[in-house]
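Just so you know, these numbers use all the heavy atoms, side chains as well, and skip hydrogens, waters and symmetry mates. In this chain, residues are counted from 1 in sequence order. In this text, all values refer to a predicted model and were calculated from it rather than measured experimentally.
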Amino acid sequence: QVRLVESGGGLVHTGGSLTLSCAASGRTLSNCVMGWFRQAPGKERVFVAGINRSGGRTYYADFVKGRFTISRDNAENTGYLQMNNLKPEDTAVYYCAADPYALEYSRQEAYGYWGQGTQVTVSS
């Protein structure tokens, strides 16, 4: 069992930055693939970024490439999503997810563990 807790969300202006954290407990995070997803109001939850167990491979949705960076610190059992040059369309609840067996980073169904989400609001 893995418990995930996101933090770091908030309100920023267009062009601003935020770093989201995902702290894990209950199981060593280094055994898990991690992903970040987001859900905007009235829309489905979508993939944002994924990272393999070692942190050596990362994957991004096209709409965040060049602006967001996913990373992890296995020693701290924590994952991160650095978000730069934020836009109003980035406004959403951001969720981190983890799973020891996930093979397809962008598929929500691949992840068995989810955090409760953290709100990110970007004002224009």
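Annotation: side chain of Thr91 is in contact with side chain of Gln119 (closest heavy-atom distance under 4.5 Å). No side-chain heavy atom of Ile70 sits less than 4.5 Å from a side-chain heavy atom of Tyr80. Side-chain contact check for Val5 versus Gln116: some heavy-atom pair is nearer than 4.5 Å. Under the 4.5 Å side-chain criterion, counting only non-hydrogen atoms from C-beta, Leu11 is in contact with Ser123.
Linking Ile, Leu, Val, Met, Phe, Trp and Tyr whenever their side-chain heavy atoms come within less than 4.5 Å leaves Val33 and Trp36 in two separate clusters. Residues Tyr95 and Phe63 fall into different hydrophobic clusters, defined by Ile, Leu, Val, Met, Phe, Trp and Tyr side chains chained together at heavy-atom separations under 4.5 Å. The cluster map of Ile, Leu, Val, Met, Phe, Trp and Tyr, joined by side-chain heavy atoms under 4.5 Å apart, puts Leu81 and Val12 in the same cluster.
Looking at Gln108, its side chain does come within 3.5 Å of a backbone N or O of Arg45 through a donor-acceptor pair. Side-chain N or O atoms of Glu6 include one that pairs as donor or acceptor with a backbone N or O of Gly117 at under 3.5 Å.
Judged by the 6.0 Å and 45° rule, Arg3 forms no cation-pi pair with Trp114.
Within 6.0 Å of CD in Glu109 there are more than 12 heavy atoms belonging to other residues, nucleotides or ligands.
The CD1 atom of Ile51 sits 7.0 Å away from atom OH of Tyr60, with the distance rounded to the nearest 0.5 Å. Once rounded to the nearest 0.5 Å, the distance linking CG of Asp73 with OG of Ser30 reads 11.0 Å. Once rounded to the nearest 0.5 Å, the distance linking CE of Met83 with CG of Leu20 reads 3.5 Å. Between Ser21 atom OG and Arg72 atom CZ the span is 13.5 Å, to the nearest 0.5 Å. One distance of note links CG of Leu4 with CG of Leu29; it measures 7.0 Å at 0.5 Å rounding. In this structure, OH in Tyr113 is found 13.5 Å from CE in Met34, a value given to the nearest 0.5 Å.
For the ring pair (Phe, Tyr, Trp, His ring centres under 6.0 Å) test with Phe37, the passing option among Phe47, Tyr105, Tyr94 is Phe47; the others fail.
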List the steps and the verdict of side chain to side chain donor-acceptor pair (under 3.5 Å) for Asn84 and Ser17.
CA-CA 4 Å; Asn84 298 325; Ser17 298; 3.0 Å; yes

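Shown here are the salt bridge (Lys or Arg N to Asp or Glu O under 4.0 Å) partners of Asp90, two or more places apart in sequence or in another chain: Arg38, Arg67.
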